[in-house]
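Just so you know, residue 1 is the first one in the sequence shown, and it goes up from there.
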Amino acid sequence: MTVGHSVRERRRHTAALRVRAAEQAVVAERLRIARELHDMVAHSIGAIAIQAGVGRRVIDTQPSEARNALAAIEDTSRDTLAGLRRMLGALRQTAPGDGAPLGPAPGLAELDGLVERSLDAGVRVDIEWRRERRPLPADIELSAYRIVQEAITNVVRHSGASACRVIIDCQEDDLFIEITDEGRGPSGLPGAAGYGLTGMRERAALLHGEFTAGPRPEGGFLVAARLPLPVAVT
């Protein structure tokens with residue numbers, strides 16, 4: 001009887017651990033999806049809002065500028081809708097071959113498009129690549145891109161700056177990312193800025209990296225992240 005009871009207790013304990021692990025996996029996946037949606041939508045809506053404001057102000061006096069603003073809104077909206085469809089298609093997939101194929105996740109190679117969209121929104125982004133560029137694991141590429149994207153989104157929406165600088169330094173063991181501007185920063189502003197900083201910090205933590213953000217002593221705002229890189233196999 002004692003042996004049988006002990007076996008049943010172990011089985012119950014094992015089952016409980018499996019249930020807890022499954023619940024934690026569901027929560028982690030929900031947080032991942034929430035971060036992706038926030039980073040994708042917040043950047044696009046911020047750019048659209050600024051372009052809409054530009055178009056409204058100049059529609060009577062500068063019709064060509066208003067048309068350019070509408071074209072930028074159209075392009076940004078299409079890109080965002082395509083990204084949302086890919087994500088929702090992946091969520092609906094239940095078996096291989098079901099639904100539309102999921103496109104590749106964005107990475108640092110897509111920063112040029114991000115720079116163009118930011119310029120349309122009124123912020124010039126200067127990117128400085130240090131050391132030799134090389135392919136990185138997909139999770140690091142995605143997190144690095146999203147951190148840069150969210151930092152630029154905060155510059156566009158909250159800083160009041162007309163330009164920002166992005167430094168990407170791919171060292172042997174770590175990827176360093178730094179985004180600086182000379183604006184007022186997102187401090188004291190509610191809503192998306194706070195969620196965005198939290199999301200960036202979570203992305204870095206999930207990869208066992210480090211993240212800092214705050215006002216610079218000389219003025220402006222700094223976002224910096226360190227993402228550890230896997231040891232290269234030789």
Side-chain angles (χ1 to χ4, degrees), residues 35-36 38-51 68 72 75-76 79-80 82-83 103-186 192-193 196-197 199-204 207 209-229:
R35 280 192 297 270
E36 285 298 304
H38 172 272
D39 292 350
M40 183 189 305
V41 174
H43 176 79
S44 301
I45 295 301
I48 288 171
I50 289 173
Q51 286 296 325
N68 291 337
D75 291 342
T76 302
D79 290 344
T80 305
L108 295 175
E110 280 70 48
L111 285 182
D112 289 343
L114 184 61
V115 169
E116 291 180 9
R117 292 191 295 274
S118 301
L119 186 59
D120 288 338
V123 174
R124 189 187 78 251
V125 179
D126 299 317
I127 297 184
E128 178 184 345
W129 296 87
R130 294 182 179 174
R131 304 176 204 273
E132 184 179 357
R133 294 174 62 175
R134 66 181 192 268
L136 301 173
D139 56 345
I140 293 176
E141 287 270 351
L142 174 61
S143 292
Y145 175 86
R146 292 302 189 197
I147 288 171
V148 174
Q149 180 187 48
E150 184 57 37
I152 293 175
T153 298
N154 283 343
V155 174
V156 170
R157 299 183 66 185
H158 305 298
S159 75
S162 60
C164 69
R165 185 184 186 194
V166 178
I167 297 175
I168 301 173
D169 186 0
C170 189
Q171 300 188 12
E172 183 177 354
D173 299 321
D174 298 284
L175 177 67
F176 290 92
I177 303 167
E178 183 178 290
I179 303 95
T180 55
D181 67 74
E182 297 182 358
R184 60 178 175 267
L197 293 176
M200 287 187 276
R201 185 173 288 107
E202 288 175 348
R203 285 186 181 277
L207 295 174
E210 298 173 353
F211 176 84
T212 58
R216 298 191 299 164
E218 65 271 32
F221 201 77
L222 165 70
V223 169
R226 179 188 66 83
L227 304 179
L229 300 177

Side chain to side chain contact (heavy atoms under 4.5 Å, CB included) between Leu227 and Leu136, intermediate numbers included
CA-CA 11 Å; Leu227 304 179; Leu136 301 173; over 6 Å; no
(message) For a side chain to side chain contact (heavy atoms under 4.5 Å, CB included) check, start with the C-alpha distance between Phe221 and Asn154, then their side-chain angles and the critical distance, and finish with the verdict.
(response) CA-CA 10 Å; Phe221 201 77; Asn154 283 343; over 6 Å; no
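Two residues are said to be in side-chain contact when any heavy atoms from C-beta on lie closer than 4.5 Å; Val123 and Ser162 fail this criterion.
Results of the side chain to side chain contact (heavy atoms under 4.5 Å, CB included) test with Ile127 over Val148, Ile179, Val166 single out Val166 as the only residue that passes.
Taking both residues in full, the closest heavy atoms of Ser159 and Ala161 are given as OG-N, 3.0 Å, listed atom of the first, atom of the second, then distance. In plain terms, the two heavy atoms of Asp181 and Ala163 that are nearest each other are CB-O, 3.8 Å. Minimum interatomic distance between Met200 and Ala151 (heavy atoms only, all atoms of both residues): SD-N, 3.9 Å. The two residues Ala225 and Ile147 come nearest to each other via the heavy atoms CB-CD1, 4.1 Å. Between Ala109 and Arg133, the shortest heavy-atom distance links the atoms CA-NH2, 4.4 Å. Minimum heavy-atom separation, Pro228 to Gly209: CD-CA, 3.6 Å.
Atom OH of residue Tyr145 and atom CZ of residue Arg203 lie 11.0 Å apart, to the nearest 0.5 angstrom. Within the model, atoms CG of Leu108 and CD1 of Ile177 stand 6.5 Å from one another, a figure rounded to the nearest 0.5 Å. Note: Arg117 CZ to Ile152 CD1 = 9.5 Å, rounded to the nearest 0.5 Å. Distance check: Ile167 CD1 to Arg165 CZ gives 4.0 Å after rounding to the nearest 0.5 Å. Distance CG/Asp174 to CZ/Arg226: 4.5 Å, rounded to 0.5 Å. Remark: Ser118 OG to Gln149 CD distance equals 8.5 Å, nearest 0.5 Å.
More than 12 heavy-atom neighbours from other residues, nucleotides or ligands sit within 6.0 angstrom of CD on Glu110.
Not counting sequence neighbours, Glu172 has no partner by the salt bridge (charged side-chain N to carboxylate O under 4.0 Å, His left out) test. Every residue meeting the side chain to side chain donor-acceptor pair (under 3.5 Å) condition with Arg131, not counting sequence neighbours, appears here in chain and number order: Asp169. Listed by chain and number, the residues in a side chain to side chain donor-acceptor pair (under 3.5 Å) with Asp126 are Arg124 (sequence neighbours excluded).
Under a 4.0 Å N-O distance rule, the pair Glu218/Arg216 qualifies as a salt bridge.
Between the side chain of Glu178 and the main chain of Ala224, no donor-acceptor pair closer than 3.5 Å is present.
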